[in-house]
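Quick caveat, the model's predicted, so the values are computed rather than measured.
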Amino acid sequence: MNYKRILLLSSTFILLGACNSAQLTDPSSSSESAISVLESEESIVEQTSSSQESESSVVTETPENTDTTDHLFDGLITDTTFSNTTGYQAWLDYVRVTGEYTLGDIEAVESSKGSSSAEIDALFDETIERAETEITENEKMVFYRYPDEEGGVFSEISSFLAEITFYFVDDHLVFSSVTPGFYNVELNNAEEFEVLGNLFTVEEIEELQPQVFTVSEVIYNGKLLNQIMVPAQPVENQENVVLNAFYFFVTGEEIIQFAYLPFEEVAQDFPTSSVLIYNSYFNQQANQ
């Protein structure tokens, strides 16, 4: 058997801006472009690596809740790898909240037992900015945003510096993520595709200490599936692309698949992009 990889060659993402060297991006309108995870579809091409796949690469059972505040990606997130100190505080809050909420199964929403939006609200301090957008009659995304302190260097430039996002179906939680809101992309430090595409464990990602732009999770068919996105250099023959967004799909400590898209196509809305890329994975699994 071989590790199965997914390569996103085309998508329905709308190009919202160009990615330049050391670009600072403010996706303050992210909630307006949210797309239903149940309705959107992505074009996917499967790719197989030449490396041997271990039997543990199959998604393994993971409890929906945990009493610990430890997180799978603790070794990857610092106040420098996750955009800024405000973003790092959002990360710490995210780790705490993920240990206290319940994720519903995104493939069994009709019988989902995910936390309600009111239960998620109770986990956040009232001083944290809350925004909400309705996607369909029974789906919504709720955002908790972290602005710079009043008078801070970014307070008049960006409406928030980090964002924790929750996706609800029939008011049951099925997805969560933490993403930066205002950041600096370090183009020269982005890894080559050949390096990232040949990683097989979270520990191997940690050794690289890349910048991190998305951490998210879902329960899929009863299993916990984590996602993390880091920047990557363009691949050969990829024209007019300055940088890629490289997504790892992780279960346990194992990287089971990856996906990538031009960074500029996801930069204005990291949470929705994460949902769409998860949806690509679900579609691929359903078609096997």
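Between the side chain of D74 and the main chain of H71, a donor-acceptor pair closer than 3.5 Å is present. N138 contributes no side-chain N or O that, together with a main-chain N or O of V169, makes up a donor-acceptor pair within less than 3.5 Å. The backbone N or O of H172 sits nowhere less than 3.5 Å from a side-chain atom of D170 that would complete a donor-acceptor pair. No donor-acceptor pair closer than 3.5 Å links the side chain of T165 to the backbone N or O of F143. Under a 3.5 Å cut-off, the side chain of Q209 and the backbone N or O of G75 do form a donor-acceptor pair. Side-chain atoms of Y278 come within 3.5 Å of backbone atoms of L225 as a donor-acceptor pair (strictly under, hydrogens ignored). Checking side-chain atoms of E139 against main-chain N and O of T136 turns up no donor-acceptor pair under 3.5 Å.
A distance of 11.5 Å separates CG of L208 from CG of N189, quoted to the nearest 0.5 Å.
Less than 6.0 angstrom separates the ring centroid of F246 from the ring centroid of F248.
Neither side chain, T98 nor E217, offers a donor N or O lying under 3.5 Å from an acceptor on the other. Side-chain contact, S216 with Q227: a donor N or O sits under 3.5 Å from an acceptor N or O. A donor-acceptor contact under 3.5 angstrom links the side chains of S176 and Y94, judged on distance only.
Taking both residues in full, the closest heavy atoms of I164 and A90 are given as CD1-O, 3.4 Å, listed atom of the first, atom of the second, then distance. Of all non-hydrogen atoms in S177 and P271, the two that sit nearest each other are OG-CB, 3.9 Å. The shortest heavy-atom contact between L72 and E253 is CD1-OE2, 3.6 Å. Contact record, I255 with V250: CG1-CG2, 4.2 Å, taken as the closest heavy-atom pair. The two residues E100 and L123 have their closest heavy-atom pair at OE1-CD2, 3.0 Å.
In this structure the side chain of V242 never reaches within 4.5 angstrom of the side chain of F263, judged on heavy atoms. In this structure, Y260 and V235 have side chains that are in contact, with non-hydrogen atoms separated by less than 4.5 Å. At least one side-chain heavy atom of Y247 sits less than 4.5 Å from a side-chain heavy atom of S273. Two residues are said to be in side-chain contact when any heavy atoms from C-beta on lie closer than 4.5 Å; L199 and E207 fail this criterion. Looking at heavy atoms from C-beta onward, T86 lies out of side-chain contact with F182 at the 4.5 angstrom threshold. Side chains of P231 and F213 form a contact here, defined as non-hydrogen atoms less than 4.5 Å apart. Between T251 and L224, the closest side-chain pair of non-hydrogen atoms is not below 4.5 Å. Counting heavy atoms from C-beta outward, M229 and V266 have side chains that approach closer than 4.5 Å.
In E203, the CD atom is not crowded: 12 or fewer heavy atoms of neighbouring residues, nucleotides or ligands sit closer than 6.0 Å. The environment of CG in D125 is crowded: more than 12 heavy-atom neighbours from other residues, nucleotides or ligands sit within 6.0 Å.
The aromatic rings of F270 and Y183 sit tilted relative to each other, their planes meeting at an angle between 30° and 60°.
Partners of Q89 by side-chain hydrogen bond (donor to acceptor under 3.5 Å, both in side chains), not counting sequence neighbours, listed by chain and number: D93. Under the salt bridge (Lys or Arg N to Asp or Glu O under 4.0 Å) criterion, D171 pairs with K140, not counting sequence neighbours.
The residue from T81, V195, L196, L76 that alone fulfils the side chain to side chain contact (heavy atoms under 4.5 Å, CB included) condition with P210 is L76.
Note on residues 232-245: pairs passing side-chain hydrogen bond (donor to acceptor under 3.5 Å, both in side chains), not counting sequence neighbours, are Q238-N244.
When the side chains of ILVMFWY residues are joined at heavy-atom separations under 4.5 Å, either directly or via intervening members, V241 and F258 end up in two distinct hydrophobic clusters.
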